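Quick note on labels: first sequence line is chain A, next is B, and so on, each numbered from 1. No experiment lies behind these values; they were computed from the predicted model shown.
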Protein chains: 2
Amino acid sequence: MSLRQFRYFVTTAEELHFARAAERLGIAQPALSQQIRALEERLGARLFHRANRRVELTEAGNAFLREARATIDLAAKAERIARDTARGEAGRIDIGIVGSVVFDPDFPHLLNEYRNEHPGIQLSLHEMRILTQIEAVHNRQLDMAIIRTPLPSDMPDNLDCFTLSTQKSVAVLPSTHPLAHETSIHLRDLAEETFVAFEDPPGAGMGEILLRECRGAGFEPLIAQRVCEIGTLISLVGAGFGVSLVAETISHLQLPGVCYLPLEDTEARSQLAVIHRRFERSAAVAALLERIRASSKVPN
Amino acid sequence: MSLRQFRYFVTTAEELHFARAAERLGIAQPALSQQIRALEERLGARLFHRANRRVELTEAGNAFLREARATIDLAAKAERIARDTARGEAGRIDIGIVGSVVFDPDFPHLLNEYRNEHPGIQLSLHEMRILTQIEAVHNRQLDMAIIRTPLPSDMPDNLDCFTLSTQKSVAVLPSTHPLAHETSIHLRDLAEETFVAFEDPPGAGMGEILLRECRGAGFEPLIAQRVCEIGTLISLVGAGFGVSLVAETISHLQLPGVCYLPLEDTEARSQLAVIHRRFERSAAVAALLERIRASSKVPN
DNA sequence: ACTTTCAATAAGAAAAACGTATTAATTCTG
DNA sequence: CAGAATTAATACGTTTTTCTTATTGAAAGT
């Protein structure tokens, strides 16, 4: 079982065509067939259905694909780290973020400070979905993740978490909405509206906040549309698809046709949390974590 | 850069002694020296200090060691996942259910047993309408569906079906009804009542059972209200909207103001059936189907 | 000074990976 | 329906990589 076989497999899984995959890999097709077969024998599992002149991933192949990709990425990261460390730069810190962090004024500022104090260390930001981030921190593709609470229930137990900041939630309305020019509104006034919500996993993130707050205000929100990106969400609200609830900091994103309104009847708050491995052995990562913890507005 | 080199490096880093590491790896010492050197050249970084007849990790070596170990572990995990998935011991099974299955005492019990025997497999239940379920099994969003017979007439022909259990039907009456405190009644006694019925598609499910039985008893039921959820149906009966016919197991749902009464003049039975793809390629799904079939109370 | 220890080097043997040619099976096409 | 085309698998010889044995060289111990 070798990395090369992993790469061959991933390419073949992407192409679903042995000859094309072989070409992309710069080898002949029979060599690829042989390596895939060797891998399958080693695993004791077929990875592809080769029926009817069509190549498809088996269920095992699908499951293996995700892990194989992660393994290849991690190997590349190992290489990069060795190289960077040898050059005297302590390397690079990979940070996962949810989209809405970009509009938080404090966090980018904090990163900038750290960058100035540690010019050798490259900070690399990766915008990803919540669950993907947690998984990636767990298997070391990321060094930390900034996500919005609540956290999903099934967190790996070698991960730790602390709160970075707390933010009020505000309502987002299209400016054509009758309530749009009030100075503040009650959440229950939106009971009959349709909502645009984040596509978060159940029980986690802003998607969960929206549900909880609406239920707290005594109604079940009718969710007409789910989106992955904060920008899309605000645009959809502006286009009249519905209303939504977002963290206050998002209101820095002023789009035409969109109004942000504080809420009267709720303490609705969401928190940004930092997820990291409990026993972090990289000095650079540990230092950044300490830095973030020290400047966080919330006692931990 | 290969996984083998990673393993060689990790062992050498553990032993800090080429000859001993080579012995542990089952190769000769020069082979190890060569591979480590090849790795160092590839990385463009020395991983060991070899001064003074003593082998030590460089800083880069130390950083690389962490990532190399993680990479090896992840590769092993990939292998395990592929193997387990192929053997049907990992993955996820999506099961569609009609609402009333929840009150069946046997089926949840069966699922629980399966969950204990196959801890790697996540069972995910989806409460859906009959037609939606069939469609979803067909296009692989669900792996199987538990629905109430009769089946609709236009089943896709790549789907199979077998009976899980058979249940008597009982009448549901509001406890204010004159007949509510009999020990049993005749269905034809309800000929003049209004009925609350399931919103099933024509010819399928409990909605069809109700029609057939009433016609068998010599009258056409007057259906005043149709509902999607079993809980709503029972509530409506309790609130005096009408009477209905439900599977016996539903009587576990005891709501105030509702009485369940056995029927004298009919053998009214409904069946729970399992719908699945005829040629199931997932080992896990096939195993669960076998399990259900084996424990079903009805010969198939 | 001599031996011992230990990694590096050299060179040939073994194993793995690859390429060319071919086969077998299916699908497309006239 | 026959023949062409597509595509993955197989056979087998070649190249490349990896390994082994033998040897060297340098440092440490006696």
* Respond yes when some side-chain nitrogen or oxygen of A:R37 is under 4.0 Å from OP1 or OP2 of D:dA9, and no when none is. => no
* Return each pair, listed once, that meets salt bridge (charged side-chain N to carboxylate O under 4.0 Å, His left out) where at least one residue sits in residues 125-136 of chain A; pairs must be two or more places apart or across chains. => A:E135-B:K77
* Structure fact -> With sequence neighbours left out, the residues meeting side chain to side chain donor-acceptor pair (under 3.5 Å) with B:R278 are B:D160
* To do: Please identify each residue that fulfils side chain to side chain donor-acceptor pair (under 3.5 Å) with A:E59, with sequence neighbours left out.
  => B:S282
* **Atom pair distance, as rounded to whole Å: CZ in B:R54 and C1' in C:dT4** => 17 Å
* Once you round it to whole Å, what is the distance between C1' of D:dT17 and CD of B:E41? -> 15 Å
* Rounded to the nearest angstrom, tell me the gap between atom CD1 in B:I27 and atom P in D:dT17. => 18 Å
* To do: Check the distance between C:dT9's P and B:I36's CD1 and give it to me in whole angstrom.
  => 14 Å
* Strand-adjacent residues in residues 10-19 of chain A, judged by heavy atoms under 4.0 Å from DNA chain D -> A:H17, A:F18, A:A19
* Any donor-acceptor N or O pair under 3.5 Å, side chains A:E67, A:T71 -> no
Check nucleotides 10-17 of chain C for protein N or O atoms closer than 3.5 Å to its own N or O atoms and list the pairs.
| from | atom 1 | to | atom 2 | distance (Å) |
| --- | --- | --- | --- | --- |
| C:dA17 | O3' | A:R4 | NH1 | 2.8 |

* Asked: Quick one: is C:dA7 close enough that its OP1 or OP2 comes under 4.0 Å of any side-chain N or O from B:S33?
  -> no
* Should we count CZ of B:R20 as having more than 12 external heavy atoms under 6.0 Å? -> yes
* To do: Take the protein atom CZ of A:R50 and the nucleotide atom P of C:dT27, then report the distance between them rounded to whole Å.
  => 17 Å
* To do: State whether the number of non-hydrogen atoms from other residues, nucleotides or ligands found under 6.0 Å of B:E23 atom CD is greater than 12.
  => no
* To do: Verify the distance criterion only: is there a donor paired with an acceptor across the side chains of B:T58 and B:R46 at less than 3.5 Å?
  => no
* **Distance in angstrom units between A:R20 CZ and D:dT6 P, rounded** => 12 Å
* Parallel, tilted or perpendicular, as decided by the 30° and 60° cut-offs, for the rings of B:F48 and B:F9 -> tilted
* Take the protein atom CG of A:L32 and the nucleotide atom P of D:dA9, then report the distance between them rounded to whole Å. => 9 Å
* Structure fact -> Whole-Å distance, A:E23 CD to D:dT7 P, equals 12 Å
* Structure fact -> Sorted by chain and number, sequence neighbours left out, side chain to side chain donor-acceptor pair (under 3.5 Å) with B:H138 holds for B:N158
